[in-house]
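Single-structure report; data block below.
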Amino acid sequence: MKRFFKKHMPVVLFILLIAVLWEVGTRIFQIPHYIIPRLSDVLVSIAENSGLLARHFAITLGEALLGLAISIVLGTLSAIWIDSSSLARKTLYPLVVASQTIPIIALSPIMVMWFGYEIGSKIAVVMLFTFFPIAMNTVDGFRSADPDIGELLRTMGAGKRELFLKWKIPSALPEFFTGLKMAAAISVGGATLGEWLGGEAGLGMYTKRAANMLRGESVFSGVLLLSAMGIMLFLAVLALERICLSYRKESKVGR
């Protein structure tokens with residue numbers, strides 16, 4: 001416990017400092033509530049609207065998780081295909097890279113046109129945000145596999161399946177999780193954008209409606225919850241990464 005507090009104390013103190021500066025600064029400079037509300041008012045707004053915010057939070061979280069899950073499947077399969085096929089490296093890989101030259105916010109309205117205002121359009125927008133980091137980092141992970149290990153496994157009679165499971169996947173896992181952490185953090189932004197463009201519920205829609213009515217406390221309460229959601233997803237992936245990569249520590253101890 002002592003080690004935990006020592007490790008995280010700087011972050012906690014920094015957050016407390018920002019909170020104090022926020023509260024004191026808005027009081028001293030008398031900033032209008034529709035520009036920057038007091039932190040205390042934002043916390044009161046969260047408490048007073050906890051039930052409504054919880055429902056919107058669950059909707060946005062569901063959209064982010066569904067879009068992220070589909071991106072994991074499609075991104076990983078695309079990376080496997082690119083790594084194993086010279087045709088995919090010459091066709092699919094450049095296409096995926098070139099797709100990032102188009103601003104995602106410009107493609108988002110097209111997703112709404114195609115999938116309507118239901119949950120499908122929000123998931124599609126999340127996929128636009130999260131597919132690329134997962135696919136590209138996984139491809140880089142496959143490429144970083146030590147060729148000497150591959151040759152050693154081949155001399156021991158390993159086939160394509162064994163090479164993939166015992167050589168490629170372990171080599172790609174660190175890069176995969178790097179991309180997944182990025183994707184988890186930005187998936188919330190994708191879900192929020194999808195709700196802004198067309199939706200009836202979710203924290204994105206909640207903040208949009210509050211902004212139209214100049215309710216600064218409600219806007220900032222939604223933003224704080226969206227930020228907390230992104231941090232929560234990032235930490236969840238970080239914990240999963242530590243579990244999946246624990247074999248590295250075990251191997252070092254064994255040496």
Side-chain angles (χ1 to χ4, degrees), residues 52-82 88 92-93 95-141 172-173 175-209 222-241 243-244:
L52 179 61
L53 287 170
R55 289 194 294 272
H56 286 300
F57 185 95
I59 291 171
T60 303
L61 178 60
E63 295 165 353
L65 288 175
L66 285 172
L68 184 61
I70 296 174
S71 288
I72 290 173
V73 174
L74 296 181
T76 303
L77 291 177
S78 298
I80 294 172
W81 188 24
I82 290 172
L92 181 60
Y93 183 79
L95 185 62
V96 172
V97 174
S99 68
Q100 295 305 296
T101 62
I102 304 174
I104 294 178
I105 195 170
L107 292 175
S108 301
I110 298 177
M111 298 297 103
V112 176
M113 291 170 56
W114 287 352
F115 299 102
Y117 293 101
E118 301 300 325
I119 191 173
S121 61
K122 285 73 174 177
I123 294 174
V125 175
V126 174
M127 290 171 58
L128 287 177
F129 275 73
T130 58
F131 172 82
F132 184 80
I134 293 174
M136 291 300 99
N137 277 276
T138 306
V139 169
D140 290 340
L173 276 179
E175 291 291 340
F176 166 77
F177 277 110
T178 298
L180 183 56
K181 285 184 288 188
M182 295 171 56
I186 63 178
S187 64
V188 177
T192 304
L193 178 59
E195 292 167 357
W196 283 347
L197 293 173
E200 296 297 328
L203 288 176
M205 199 62 200
Y206 179 85
T207 57
K208 182 179 180 180
R209 288 172 176 169
V223 170
L224 285 180
L225 289 176
L226 287 169
S227 177
M229 186 188 301
I231 294 172
M232 179 184 70
L233 292 176
F234 179 88
L235 292 177
V237 175
L238 183 63
L240 181 62
E241 178 187 26
I243 294 172
C244 293

Euclidean distance, [Y] [atom2] relative to [X] [atom1], rounded to 0.5 Å:
{"X": "Ile80", "Y": "Thr138", "atom1": "CD1", "atom2": "OG1", "value": "8.5 Å"}
{"X": "Ile243", "Y": "Leu238", "atom1": "CD1", "atom2": "CG", "value": "10.0 Å"}
{"X": "Tyr206", "Y": "Leu53", "atom1": "OH", "atom2": "CG", "value": "4.5 Å"}
{"X": "Leu203", "Y": "Thr60", "atom1": "CG", "atom2": "OG1", "value": "4.0 Å"}
{"X": "Ser121", "Y": "Glu195", "atom1": "OG", "atom2": "CD", "value": "9.5 Å"}
{"X": "Leu193", "Y": "Phe129", "atom1": "CG", "atom2": "CZ", "value": "5.0 Å"}

Q | Non-neighbouring partners of Ile72 that pass side chain to side chain contact (heavy atoms under 4.5 Å, CB included), sequence neighbours left out | A |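 With neighbours one apart ignored, the set is Leu68, Thr76, Ile134, Phe176, Leu180.
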Q) Got a donor-acceptor contact below 3.5 angstrom from the Ser187 side chain to the Ala184 backbone? A)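 Indeed, once roles are kept as given, a pair shorter than 3.5 Å links the two residues.
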Q. Is a side-chain N or O of Lys181 found less than 3.5 angstrom from the main chain of Leu235, in a donor-acceptor match?
A.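 Such a contact is absent between Lys181 side chain and Leu235 backbone.
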Q. Taking Leu66 as the fixed residue, which of Leu61, Val126, Ile119 is the one that meets the side-chain contact (heavy atoms from CB on, under 4.5 Å) rule?
A. Ile119
Quick one, [X] and [Y] - any side-chain contact, counting heavy atoms below 4.5 Å?
{"X": "Lys122", "Y": "Ile59", "value": "no"}
{"X": "Leu52", "Y": "Arg55", "value": "yes"}
{"X": "Ser78", "Y": "Val96", "value": "no"}

(Q) Please determine whether the number of non-hydrogen atoms from other residues, nucleotides or ligands lying under 6.0 Å from atom CD of Glu118 exceeds 12. (A)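 Counting neighbours around CD of Glu118, 12 or fewer heavy atoms of other residues, nucleotides or ligands fall under 6.0 Å, so no.
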Q: Check whether more than 12 heavy atoms from other residues, nucleotides or ligands sit under 6.0 Å from atom CG of Leu77, and answer yes or no.
A: yes
(Q) I'd like to know whether Phe131 forms a side-chain contact (heavy atoms from CB on, under 4.5 Å) with Ile70, so could you lay out the CA-CA distance, the side-chain angles of the two residues, the decisive distance to 0.1 Å, and finally the verdict. (A) CA-CA 8 Å; Phe131 172 82; Ile70 296 174; over 6 Å; no
For the student: nearest non-hydrogen atoms of [X] and [Y], plus distance:
{"X": "Met205", "Y": "Trp196", "value": "N-CD1, 4.4 Å"}
{"X": "Ser108", "Y": "Leu197", "value": "CB-CD1, 3.2 Å"}
{"X": "Ala64", "Y": "Leu233", "value": "CB-CD1, 4.4 Å"}
{"X": "Ser71", "Y": "Met127", "value": "OG-CA, 3.4 Å"}

Q: Sequence neighbours left out, what pairs pass salt bridge (Lys or Arg N to Asp or Glu O under 4.0 Å) with at least one residue falling in residues 197-206?
A: Glu200-Arg209
